[in-house]
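Naming convention: chains lettered A, B, ... in sequence-line order (proteins, then strands); numbering from 1 in each chain.
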Amino acid sequence: MNPKPIWRVLTYILLVLWALFTVVPLYWLLSATFKLPGEAIGYPPTLIPRHPTLGNFGELLFRSKFGFTSYLNSIVIAIGATLISTVSAMLAGFGFSRFRFPLRNQILVLILLMQMVPLLAVIIPLYRLYSLYGLYDTRIGLMIIYAVRTVSMNTWLLKGYFDTIPVEIEEAARIDGCSQLQAFFRITFPIAAPGVAAASIFAFFRSWNEFMIAMTLTSTVRPYTVELYRFIGEHGEVDWSLLGTASFIAIVPVLILFSFFQKYFVIGLAGGALKE
Amino acid sequence: MNKNSKWQITLLVSVFLAALCIGSAFSTGAQEEPVKEAMEAKEVTLTIFARAYTWDQEAPWEVAKAEIQKRHPETKFTFVEEGFGWADLRAKFLIAAAGGNPPDVAQVDIIWVGEYVEGGLLTDLTDKLNAWSEWPDVVDSFKESTKWKGPSYGTWLNTDVRVMGYNKKLFRKAGLDPNSPPEDWNQLYDMAKKITSAPAYYGYGFPAMKEEETSMRFFTMLYSAGGQILTDDLKKAAFNSAAGVKALAFNAKMVEDGLTPKSIVSGNYMDIDNAVFQDKFAMSYMTKTLGLAKKLIPDLTPEKFKQDFGAAPIPKAPGGEWSTMSGGYLLSVPKGTKHPDLAWELISIGAAPDAQFKYTSARGYVPTFYSLMERPEDYFSVDPYFNVILNSLPYAHFRPGLPQYTEISAAIQDAIQAAVLGQLSPKAALDAAAVKVNQLLAQ
Amino acid sequence: MRRQTRIIVNGYLLILPALLLIFLIIVYPLIQAVLLSLHEVKLASLNRQTFVGLKNYLKIFTFLGPGFFTQVLPATFYFVAGSMAGQLGFGLAMALLVNQKWVRGKDIFRAIFILPWVTSAIVIAISWRFMYEPRLGVLNHLLVLIGVTNLPSWLNDLNLVMPCLIVANVWHGTAFSFTLQTAGLQSIPYELYEAATVDGAGAGQKFRFVTFPLIRPFLMINLVLISMYTVNFFDLIYAMTNGGPLYRTEVIAVFLYHQAFEYGHMGTGAAVAVLILVINLVLTLLYMRLNREKVAEQKR
C-alpha cells in the first residue's frame with residue numbers, strides 16, 4: 001500500500017520540522033563546546049564558532065575539577081538504577097498480569113498512586129533515613145531512589161505488555177515440556193522486548209539526568225548533573241564554553257548508545273512475534 | 001536458534017553489567033570513621049560549606065588548608081570542599097543539619113545568623129574568639145554583628161558595601177563628564193536620560209527579581225531618604241514610610257520613562273552588574289567593580305579599568321544622607337561536628353588578617369580588621385577605586401538579623417516587582433508588603 | 001487447592017521487590033511527611049515540632065503572596081493543561097508519522113527526537129533561558145535581524161511567561177510520550193493492518209478501529225503519568241523563572257520549595273505536598289472514570 005506522494009512529502013516535512021525544533025535550542029549551547037571562552041559569552045551569539053577549538057575538552061576533563069569521575073558515577077548509578085527498576089518491574093508486571101491473588105487490583109492502583117508523590121516532599125525524611133543507614137553519599141543509595149522513581153511506571157508498562165501476550169502461547173510451551181520460568185524467558189520475554197527496552201530507556205534517562213536528589217544526598221560520589229551545576233555557580237556567571245563541553249559529553253555518547261540500542265530491538269521485533 | 005542465542009547473550013551481558021555495578025556500587029564515597037577529638041587523630045576529614053567563588057583563589061581555603069596541615073604533620077587531612085550559590089548555601093546547610101550531617105565549617109551570611117542560632121545549629125565560639133590573638137584587631141562594630149542575643153558565633157570572612165559602578169564610555173558618548181558621576185537622584189535621573197538609547201543601552205539598571213540583592217539596593221535608597229527597614233524595636237515594618245515610597249517611586253519611574261528596561265524583573269542580579277561592563281547599562285549599584293570587569297574583559301589592567309569605568313558613592317536622595325548597605329559572611333562551626341577544635345583552627349587561619357587581605361583584595365571585598373583598614377595603599381594597587389569603598393563604610397547600614405528576615409525580604413521584593421511592573425502604585429505595593437511583614441513579626 | 005495457593009504465593013513473591021522498594025522510599029517517608037504537615041516545624045530546628053492540627057492547611061489557603069486559589073492553582077493547571085496537550089499531541093503525532101512503514105531514516109529521527117529527554121533539566125533551563133533572554137538572547141537577536149522593533153520580553157512579560165515555559169516543557173517532555181506511543185504502536189501486529197486493507201478500510205478507519213483501540217492502554221498510562229509528572233514538576237521552572245515574575249509561574253511544586261526550603265516552614269511545605277498528592281489522586285480518578293465511560297460508549 002503506497003500512500004500518495006503528497007502525503008509522503010508532508011510527512012517528511014513535518015518530521016524534519018520537529019527535528020529542527022528539537023535540535024535548535026541545544027545547538028547554541030553545544031556549539032559553545034568548540035568556541036573559545038571569550039566568544040562563548042560574547043554578544044551577539046554566534047552560530048558558527050569563529051575559531052573552532054578542541055581545547056575545551058582538555059580543559060574540562062584534565063584541568064578543571066570536573067574530570068572523568070562524575071561521568072563514571074553517572075554511568076554506574078544509571079545502569080544500576082535501570083537494572084533494579086527494570087528487573088523489579090518485570091517481575092511485578094508478570095506477577096500482576098498472569099497471577100490472580102487477593103487485593104491484586106488494589107495494590108496495582110496503589111503502586112500507580114505512589115508515582116504521584118512529589119519527591120521534594122519526602123526528601124528530608126529520606127535524607128534522615130539515609131544518614132541513619134549509611135546510605136548517604138553512596139552510589140547504591142542513589143540507585144535505589146532512582147529505581148523507585150520509575151518502578152511504578154515500568155510495572156504498569158510491562159504489565160500492559162504482558163497482558164497483550166496471550167497466555168496460550170506460554171501454555172503451549174509448557175505443554176511442550178517447559179517450566180513456567182523457561183516459558184517466560186523463551187517465549188514471553190522476547191515478545192515483550194520492546195516494552196522492556198522502553199522501560200530500561202526510561203529508567204536510564206530518568207537516572208542519568210536527575211539533579212535535585214543527587215545534590216542533596218551526595219557529597220563526593222556526585223553524578224555529572226550536580227557538577228554541571230557548579231558551572232552555573234554564581235548567579236549569572238555561567239562558564240558557557242565549559243558548560244557546553246560538559247553537556248556535549250553527557251549528551252552525545254548517550255545518544256549514540258541509544259540509537260544502537262534501539263536498532264537492535266527493532267530487528268528483534270521484526271523477527272519475533274510477528275512470525276506466528 | 002540464532003535469535004535465541006541473541007537473547008541469551010543479552011541476558012549474559014546484563015548479568016555481567018549487574019555484577020559490575022553491584023560491585024562498584026558498594027564502594028561508597030569518601031567517608032571517614034568518627035574519631036574522638038580528645039586523642040590526636042590520625043586521619044581527619046573536614047567538610048567545608050562555602051560560596052563557590054571562595055574556592056577560586058588562594059585565600060581563604062588553600063592558605064588555611066596548607067597551614068593547618070603544617071601545624072599537624074602527623075595528621076592526614078582530607079577536605080570535602082563544597083561550593084554553592086547564595087540561596088543553596090543556606091538551603092543545603094539547613095538540609096544537611098536537619099539530616100544530622102552538618103559540615104565542619106560553614107560560611108554563614110550575616111543575615112542568617114539569627115535563624116541558625118534560634119534553630120540551635122551553631123556552636124558558641126565566644127570563648128575561642130576572646131582567646132584568639134586576632135580578635136582585638138576586628139573592628140568593634142563588626143564584632144557586635146557576630147553576636148546573637150549575647151554570644152558570638154563566628155568571625156568575619158569579609159564584608160561588602162554597595163557603590164555605584166558606571167561606564168565612562170557611555171558617559172562620554174552622551175557628552176557627559178566621565179569624572180562627574182551623579183551625586184543625587186535628580187542628577188542620576190537627568191544623566192540617565194541623556195545617556196539612554198534603547199534598546200542598545202540604558203542609563204540605569206537595578207535588580208527587581210526575586211533575589212536578596214533587590215532588597216539590598218532598595219534599602220540603600222530607603223536609608224538615604226531617611227527611612228529604615230523595621231522600627232527600632234524590630235516589631236513592625238517601617239519601610240512603607242514616605243521615604244520608602246519615594247525610593248520605590250524613583251525606581252518605578254526609571255522603568256516607566258524607559259531609562260531602565262523591564263527585563264530587570266528576572267534573571268540574576270549579576271547580569272545587571274555585568275551589563276555595566278558590557279556597555280549595556282551606564283550606571284548600577286554593585287559590590288564588586290574591578291572583580292567583575294576582569295572576568296568579562298580579558299587582560300584588563302587597573303589603568304584601562306580606570307579609563308573606561310568608574311566607581312562613586314551611591315547617589316543620595318535629594319536633601320538626604322549618604323548611605324549604603326553592608327553585608328558579608330561569617331565563618332562558623334556548626335553544632336554536631338566531629339572536630340570542633342580543628343574546625344575552629346581552620347577558621348582562625350582562613351579569617352586571619354593575612355588571609356583576609358589576600359581574599360578581599362583578590363575579589364574586591366572589604367576587610368574587617370583595623371590593621372587592614374590602615375593600609376589601603378595595598379588595596380589601591382589592586383583596585384584603583386578602593387577609596388570609594390572605604391569612604392562609604394561609615395555610612396553603611398545593616399539588615400536586621402531576625403529568623404524571619406528571608407520572608408520579610410521576599411515580601412519587599414514582591415512589592416518592588418509589583419511597582420516596577422506597574423501592577424500597583426509604589427505606596428500600595430509597600431503597604432501590602434508591610435501588612436505581610438507585620439503578620440510575620442507578630443509570630 | 002494447593003495449586004491455587006501456589007499461584008497466590010508466587011504472585012506475591014513476584015511483586016515483592018517492587019513493593020519493597022516503593023514502601024521504603026516512598027510510603028514510609030510519605031507517612032512522615034503527612035505527620036509533619038500537622039506540626040509547625042522549622043527547617044532550622046527539625047526536632048522542635050509543635051502539633052498544630054490543620055493550621056498549616058489553613059495558612060496555605062489564606063496565604064497572600066502568592067494566593068493559593070488565585071495564583072498557585074491557576075498557574076499549576078494552566079501549566080499542566082498546556083504541557084499535557086502539547087506533549088501528548090505531538091508525541092502521538094510524531095510517533096504515528098515515524099512509524100509508517102515506508103518512512104526512511106526512522107532511527108535517525110527517533111534518535112533526534114529523544115534528544116531533549118537525554119538532556120539534564122539544568123542544561124535545558126539554561127539553554128532556553130538564554131534563548132528567551134531579552135537583551136542578549138538568540139530569539140530576540142533573530143527577531144531583530146528580521147526587523148522586528150517591538151521586542152517581547154518573553155520571560156519577563158506577565159502574559160508571555162507561562163506560554164514560554166509551556167513551550168520549553170513541551171520541548172522537554174514530548175520525547176517521553178513519543179517513546180511510549182512508539183512502543184504501543186509497535187506492539188500492534190502488522191497482520192491486523194493487512195487484514196483491514198483486505199476488508200477495504202481507508203487510513204482513517206484503520207486508525208479508528210485498529211490503531212486507536214490497541215494503543216488506548218498506552219495512551220491512558222501516558223496521560224496519567226504525564227499528568228502526575230507535570231503537577232509535580234519543579235526543576236525546570238525553578239531554574240527558569242523561580243515562580244516569577246509576580247508569581248505568574250508559581251506552580252504548586254515551586255510553592256512547596258519556597259515554603260519548605262526558602263522560608264524554612266517544613267510543616268507548611270509538607271502540607272502542600274499532601275495537597276499535591278490529593279490533586280494527583282483526583283485527576284487520576286477523573287481520567288479513569290472518563291476512560292471507563294468511553295469504553296462503555298464504544299461497546300454500545
Side-chain angles (χ1 to χ4, degrees), chain A residues 1 11 14-15 18-19 22-23 25-26 28-29 43-45 88-89 91-92 94-96 99 101 111 113-118 120-122 125-126 129 144-145 147-148 151 153 155-157 160 164 194-195 198 201 205 209 211-212 225 228-229 238 247 251 254-255 258-259 262-263 269 274, chain C residues 7-8 10-12 14-15 17-18 21-22 25-26 29-30 32-33 94 97-98 100 103 107 109-123 126-128 131 136 138 141 171 179-180 183 186-187 189-190 197 217 221 225 228 232 234-235 253 256-257 270 273 276-277 280-281:
Chain A
M1 40 161 256
T11 301
L14 288 172
L15 288 178
W18 186 260
T22 305
V23 171
L26 283 182
W28 193 88
L29 180 65
Y43 179 81
S88 311
L91 293 173
F94 192 68
F96 280 118
F99 293 76
F101 47 85
I111 289 186
L113 288 182
M114 285 303 113
Q115 191 79 23
M116 295 182 196
V117 178
L120 272 181
V122 297
L126 217 56
L129 195 72
I144 295 176
I145 296 196
V148 173
V151 77
M153 179 203 66
T155 303
W156 267 77
L157 182 70
T164 64
I201 291 173
F205 287 150
N209 289 327
F211 156 69
M212 210 59 194
T225 43
L228 213 60
Y229 198 60
V238 181
S247 310
I251 295 175
V254 176
L255 204 63
F258 169 74
S259 334
Q262 157 205 263
K263 218 179 284 186
L269 176 68
L274 303 180
Chain C
I7 289 181
I8 295 180
N10 281 344
Y12 280 125
L14 281 174
I15 67 172
L21 280 175
I22 292 177
I25 304 291
I26 298 189
L30 182 64
Q32 287 206 324
M94 291 302 142
L97 284 177
V98 173
Q100 292 173 101
V103 170
D107 297 329
F109 280 118
R110 288 201 183 112
I112 294 181
F113 290 170
I114 203 119
L115 193 60
W117 197 247
V118 189
T119 318
S120 166
I122 317 173
V123 175
I126 298 224
S127 295
W128 276 92
M131 286 205 39
L136 305 170
V138 175
H141 185 56
W171 182 89
T179 316
L180 207 54
Q186 286 189 339
S187 77
Y190 196 63
T197 318
I221 296 186
L225 285 173
M228 294 196 291
N232 292 353
F234 170 76
D235 292 15
L256 196 171
Y257 184 83
I276 294 181
L277 200 62
N280 278 326
L281 201 64

query: Does A:Asn209 use its side chain to pair, donor to acceptor, with the backbone of C:Trp117 at less than 3.5 Å?
result: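 Yes, the answer is positive, given that a donor and an acceptor are paired below the 3.5 Å cut-off.
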query: So, C:Trp171 side chain and A:Thr22 main chain: donor-acceptor pair closer than 3.5 Å or not?
result: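 Yes, the answer is positive, given that a donor and an acceptor are paired below the 3.5 Å cut-off.
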Under 4.5 Å between any side-chain heavy atoms of [X] and [Y], yes or no?
X	Y	result
C:Ile114	A:Phe205	yes
C:Ile25	A:Leu126	yes
C:Phe113	A:Leu15	yes
C:Val123	A:Leu26	yes
A:Ser247	C:Thr119	no
C:Ile26	A:Val122	no

- request: Report the distance from atom CG of C:Leu97 to atom CH2 of A:Trp18, rounding to the nearest 0.5 Å.
  value: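 Rounded to the nearest 0.5 Å, the CG-CH2 separation comes to 11.5 Å.
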- request: Mind checking the OG-CD1 spacing from A:Ser88 to C:Ile22? Nearest 0.5 Å is all I need.
  value: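 Here the interatomic distance stands at 9.0 Å.
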Give the minimum heavy-atom separation between [X] and [Y], together with the two atoms involved.
X	Y	result
A:Phe99	C:Ile7	CD2-O, 3.2 Å
C:Gln100	A:Thr11	NE2-CG2, 3.4 Å
C:Leu115	A:Ile251	CD1-CG2, 3.5 Å

- prompt: Given a strict heavy-atom distance threshold of 4.5 Å, which part of A:Leu129 is in contact with chain C: side chain, backbone, both, or neither?
  reply: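 Contact with chain C is through the side chain of A:Leu129 alone.
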query: Taking the six-membered ring for Trp, are C:Tyr12 and A:Phe101 parallel (under 30°), tilted (30 to 60°) or perpendicular (over 60°)?
result: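 Plane angle between 30° and 60°, so tilted.
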message: As an exercise: rank A:Ala89, A:Ala147, A:Pro25, A:Gly95 by heavy-atom pairs under 4.5 Å with chain C and give me the winner.
response: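 Heavy-atom pairs under 4.5 Å are most numerous for A:Pro25.
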